[in-house]
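Scroll down for the structure; my scribbles are underneath it.
Order of appearance sets the numbers: ligands from 1, and atoms from 1 within every ligand.
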Amino acid sequence: MSADDHPDSTAFQARRLEIRDRLDRLPGATAGTVAERSAWFEDVYKGAGGDAAAIPWADLKPKDILVTWLKKNPGNGARALDIACGLGDNAAALAAGGYRVTAFDISTSAIDWAASRFPDAGIEFCTGDLLAPPPDWIEGFDLVHECYTLQSFTGEMRAAGFAAVVRLVKPGGRLVVIARSRDEHQPVDGPPWPLQPSEFAQFEALGLKKLGARIYVVERPGRIIPHRFMVFRKPG
Ligand SMILES: C[S@@+](CC[C@H](N)C(=O)[O-])C[C@H]1O[C@@H](n2cnc3c(N)ncnc32)[C@H](O)[C@@H]1O
């Protein structure tokens with residue numbers, strides 16, 4: 001990686017800022033049907049031409065809070081699913097933590113890119129739709145990891161998204177959620193659309209038991225972004 005390709009570099013951040021306007025003008029950027037929104041994600045990854053600065057959410061490293069959690073919760077060969085894996089950094093952290101990982105995304109370009117970044121991690125990367133997963137994924141995973149996908153959904157996708165996540169967890173298995181958060185009904189100019197307390201509560205309404213929650217902030221230049229990290233178990 002050259003210095004200009006490092007996410008902390010000024011050049012990388014300048015490219016990201018410049019590209020953001022173009023992405024916001026693409027069809028499906030802020031709303032639309034499942035098909036339109038999915039097409040937008042594919043446009044973003046394909047149009048990036050291999051430059052991660054053009055992927056607004058790509059950190060090129062796993063989330064610190066997940067890495068910390070994995071140190072105390074190793075997989076020992078258990079099966080994990082990384083939902084909407086993007087460029088694959090969180091999936092690679094799960095694999096390094098001892099899980100047998102399947103990682104999927106709606107965007108084929110994202111999956112090809114992720115697989116090329118982590119060819120030797122033993123991860124099964126595949127294209128897939130959270131809202132229409134293969135039948136054998138239902139209740140198929142000891143650990144399901146959801147990071148930043150639900151907050152990128154609006155409308156009918158958002159309405160269906162929570163149950164779609166929960167049904168992938170095996171009885172007795174766990175769900176880890178990482179998301180931006182906001183106060184109930186706090187206006188927001190998405191995407192992303194951070195999750196509200198009533199939405200985090202949906203995981204329990206759908207039958208999961210809360211094991212833990214951490215409220216924290218991510219600091220970006222000129223911004224402090226509230227987040228939640230939550231862990232649930234499906235009874236069984
Ligand atoms: C904000 S990004 C987060 C990516 C990654 N989880 C991360 O934390 O960096 C949202 C991701 O959801 C994917 N996505 C959108 N709709 C999806 C769907 N229906 N099924 C699977 N992935 C989807 C997008 O392609 C994109 O990679």
Side-chain angles (χ1 to χ4, degrees), residues 7 16 20 23-24 26 28-48 52-67 69-70 80-95 101-115 117-118 123-134 137-138 141 143-168 175-181 188 190-195 218 220 225 227-230:
R16 177 159 283 180
R20 187 73 222 208
L23 301 185
D24 287 348
L26 289 174
T30 54
T33 62
V34 174
E36 285 163 340
R37 204 66 191 117
S38 303
W40 180 79
F41 280 109
E42 175 58 18
D43 282 349
V44 170
Y45 284 109
K46 201 171 184 177
I55 311 297
W57 47 85
D59 294 338
L60 300 183
K61 67 182 183 77
K63 294 286 175 273
D64 292 337
I65 200 157
L66 173 66
V67 174
W69 185 83
L70 285 167
L81 182 70
D82 188 28
I83 292 175
C85 63
L87 298 188
D89 297 272
N90 291 324
L94 290 164
V101 180
T102 300
F104 75 100
D105 199 283
I106 198 87
S107 161
T108 305
S109 295
I111 288 300
D112 291 346
W113 193 344
R117 293 184 65 222
F118 301 104
I123 299 167
E124 183 195 0
F125 283 109
C126 51
T127 303
D129 181 355
L130 171 64
L131 304 178
W137 284 9
I138 305 300
F141 297 90
L143 178 69
V144 171
H145 174 249
E146 147 53 11
C147 177
Y148 287 8
T149 316
L150 293 169
Q151 69 185 39
S152 75
F153 285 5
T154 183
E156 58 182 307
M157 294 176 79
R158 181 86 155 213
F162 292 83
V165 168
V166 168
R167 69 183 167 169
L168 299 169
L175 168 66
V176 167
V177 176
I178 299 175
R180 290 190 186 195
S181 65
V188 62
W193 298 273
L195 273 55
V218 171
R220 293 276 180 264
I225 309 169
H227 277 68
R228 273 201 210 189
F229 175 87
M230 300 193 77

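- Annotation: the span from T30 atom OG1 to E36 atom CD amounts to 10.0 Å, rounded to 0.5 Å.
- In terms of modelled atom types and a separation under 3.5 Å, the side chain of R167 and the main chain of W137 share no donor-acceptor contact.
- In this structure, the separation between CD1 on I123 and CZ on F104 is 14.0 Å, given to the nearest 0.5 Å.
- The aromatic rings of H227 and Y148 sit tilted, their planes meeting at an angle between 30° and 60°.
- The minimum heavy-atom distance between C126 and I111, with the atom names listed, is O-CD1, 3.3 Å.
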Which atom pairs, nitrogen or oxygen on both sides, join ligand 1 and the protein at under 3.5 angstrom?
from, atom 1, to, atom 2, distance (Å)
ligand 1, 6 (N), A84, O, 2.7
ligand 1, 6 (N), C147, O, 2.8
ligand 1, 8 (O), C147, O, 3.4
ligand 1, 19 (N), D129, OD1, 2.8
ligand 1, 20 (N), L130, N, 2.9
ligand 1, 22 (N), I106, N, 3.2
ligand 1, 25 (O), D105, OD1, 2.6
ligand 1, 27 (O), Y45, OH, 2.5
ligand 1, 27 (O), D105, OD2, 2.6

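- Side-chain contact, S109 with E42: a donor N or O sits under 3.5 Å from an acceptor N or O.
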